[in-house]
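Here, residue 1 is the first one in the sequence, and each next residue gets the next number.
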Amino acid sequence: MSVSIAIDGPAGAGKSTIAKLVAEKLHIIYVDTGAMYRAMGLYFHRKGISPDDEAAICAACGEADVSIVYEGGAQQVLLNGENVTGCLRTEEAGKMASATSGYARVREKLVELQRKLAAAKSVVMDGRDIGTVVLPQADLKIYLTASVEARAKRRYLELTGKNVPCKIEEIARDIEQRDYQDMHRENSPLRKAEDALYLDSSEMSIREVADAIISALFEKLMSERTPDQNLEGALEEIIKKESDLR
């Protein structure tokens with residue numbers, strides 16, 4: 001038995017932090033979709049393709065394979081079999097990923113690879129179109145959000161904690177603009193899947209949100225279990241099969 005959890009929501013809602021914690025608690029794979037886009041960016045950079053050459057970028061997608069594995073409990077990203085984890089935070093990889101992620105063919109390729117991962121392993125995946133586009137058949141879909149004020153405050157505290165000068169009013173305006181752009185983009189806009197659980201984290205701690213998602217998963221498994229299957233057995237089976245991946 002394997003499970004897939006899709007977590008969507010706007011910027012600053014804590015999706016990645018929550019997804020990682022849920023994956024850790026359930027001993028399953030956290031799929032870092034951002035790292036996968038960076039791996040693709042690294043691939044294009046190595047091939048010397050201009051980010052403006054959409055035709056060449058799209059043609060090269062067919063030769064790329066990106067996957068995620070765990071070694072010693074740490075996530076490793078493989079590009080055509082090569083561990084490129086240490087190269088993903090380079091400026092070249094980041095710039096190329098940013099410049100090419102909007103191309104429809106690149107997104108199609110990453111969706112294909114992300115679905116391939118979910119078909120082989122139990123996963124938690126976060127983003128803006130996971131439950132609507134990438135994993136429409138996910139066992140559990142979450143739409144994780146928070147008020148603009150709560151998200152701005154979190155970002156403000158994060159930045160001031162690093163001694164970065166900022167104004168909370170400007171952060172809030174940036175968040176509102178980002179929300180609008182994400183919800184109105186042409187390819188895979190941010191929206192709540194019809195069967196997703198709406199979860200507002202404005203007044204919740206990270207652990208409270210993670211526990212709420214895990215409880216929702218337990219309830220879903222319980223409601224779908226067969227007469228001869230109990231919830232504890234189903235969860236034990238998931239953990240047993242996936243524990244060797246971490």
Side-chain angles (χ1 to χ4, degrees), residues 2-8 11 14-24 26-130 133-135 138 158 162 182 185 187-188 241-246:
S2 63
V3 297
S4 55
I5 303 173
I7 303 178
D8 291 310
K15 299 185 299 295
S16 296
T17 300
I18 298 300
K20 290 175 184 176
L21 183 55
V22 169
E24 179 182 346
L26 291 177
H27 299 279
I28 62 178
I29 295 291
Y30 164 63
V31 178
D32 187 340
T33 57
M36 294 181 74
Y37 274 98
R38 281 179 169 268
M40 287 293 287
L42 177 66
Y43 170 72
F44 298 138
H45 173 71
R46 286 180 171 181
K47 292 184 75 68
I49 305 174
S50 169
D52 298 322
D53 191 344
E54 182 175 357
I57 291 289
C58 294
C61 285
E63 304 171 8
D65 181 70
V66 180
S67 61
I68 292 176
V69 297
Y70 276 80
E71 296 178 1
Q75 177 181 271
Q76 307 296 321
V77 180
L78 305 183
L79 172 60
N80 289 336
E82 176 192 353
N83 190 331
V84 295
T85 306
C87 306
L88 299 184
R89 295 299 170 183
T90 61
E91 185 176 358
E92 294 81 7
K95 284 185 175 180
M96 185 64 83
S98 178
T100 60
S101 61
Y103 294 143
R105 176 62 186 122
V106 174
R107 297 190 67 82
E108 289 171 2
K109 179 64 178 183
L110 266 297
V111 167
E112 172 190 324
L113 294 172
Q114 289 156 8
R115 287 175 176 169
K116 180 180 176 182
L117 274 171
K121 305 168 183 176
S122 290
V123 300
V124 180
M125 203 177 298
D126 70 286
R128 289 169 180 77
D129 62 352
I130 306 303
V133 176
V134 181
L135 300 178
E158 178 185 355
K162 298 177 181 178
D182 286 342
R185 67 187 186 187
N187 293 318
S188 302
K241 287 188 175 182
E242 304 297 335
S243 61
D244 62 333
L245 297 173
R246 289 182 170 272

Exercise for review: Run the salt-bridge test on Lys162 and Glu158 with the 4.0 Å N-O cut-off and return the result as yes or no.
Suggested key: yes

Practice item. With side chain to side chain contact (heavy atoms under 4.5 Å, CB included) as the test, would you mind laying out the steps for Arg105 and Glu54 before giving the verdict? Key: CA-CA 9 Å; Arg105 176 62 186 122; Glu54 182 175 357; over 6 Å; no

Does some side-chain heavy atom of [Y] sit less than 4.5 Å from a side-chain heavy atom of [X]?
{"X": "Met40", "Y": "Thr100", "answer": "no"}
{"X": "Lys121", "Y": "Ile68", "answer": "no"}
{"X": "Met125", "Y": "Thr33", "answer": "yes"}
{"X": "Glu71", "Y": "Asn83", "answer": "yes"}

Hey, what do you get for [atom1] ([X]) to [atom2] ([Y]), rounding to the nearest 0.5 Å?
{"X": "Leu42", "Y": "Glu82", "atom1": "CG", "atom2": "CD", "answer": "7.5 Å"}
{"X": "Phe44", "Y": "Cys61", "atom1": "CZ", "atom2": "SG", "answer": "4.0 Å"}
{"X": "Ile49", "Y": "Met96", "atom1": "CD1", "atom2": "CE", "answer": "7.5 Å"}
{"X": "Leu113", "Y": "Leu117", "atom1": "CG", "atom2": "CG", "answer": "7.5 Å"}
{"X": "Tyr70", "Y": "Ile28", "atom1": "OH", "atom2": "CD1", "answer": "9.5 Å"}

Is a side-chain N or O of [X] found less than 3.5 angstrom from the main chain of [Y], in a donor-acceptor match?
{"X": "Thr90", "Y": "Cys87", "result": "yes"}
{"X": "Arg115", "Y": "Leu135", "result": "no"}
{"X": "Ser4", "Y": "Val123", "result": "no"}
{"X": "Asp8", "Y": "Ile130", "result": "yes"}
{"X": "Tyr30", "Y": "Gln75", "result": "no"}
{"X": "Lys47", "Y": "Ala60", "result": "no"}

Between [X] and [Y], which heavy-atom pair has the shortest distance, and what is it?
{"X": "Pro51", "Y": "Ala99", "result": "CB-CB, 3.6 Å"}
{"X": "Asp126", "Y": "Ser16", "result": "OD2-OG, 3.0 Å"}
{"X": "Leu88", "Y": "Ala35", "result": "CD1-O, 3.8 Å"}
{"X": "Arg128", "Y": "Ala11", "result": "NH2-CB, 3.5 Å"}
{"X": "Val124", "Y": "Ala19", "result": "CG1-CB, 3.6 Å"}

Review point. For Tyr43 and Val66, what are the C-alpha separation, side-chain angles and deciding distance, and is it a side chain to side chain contact (heavy atoms under 4.5 Å, CB included)?
Key: CA-CA 10 Å; Tyr43 170 72; Val66 180; over 6 Å; no

Practice item. Only one of Gln114, Arg107, Glu112 passes side chain to side chain contact (heavy atoms under 4.5 Å, CB included) with Leu110; say which it is. Key: Gln114

Check your understanding: Can you check side chain to side chain contact (heavy atoms under 4.5 Å, CB included) on Val22 and Ile5, steps first, answer last?
Key -> CA-CA 9 Å; Val22 169; Ile5 303 173; 4.0 Å; yes

**Study point:** Verdict with supporting geometry, Arg89 and Arg38, side chain to side chain contact (heavy atoms under 4.5 Å, CB included)
**Key:** CA-CA 8 Å; Arg89 295 299 170 183; Arg38 281 179 169 268; 3.2 Å; yes

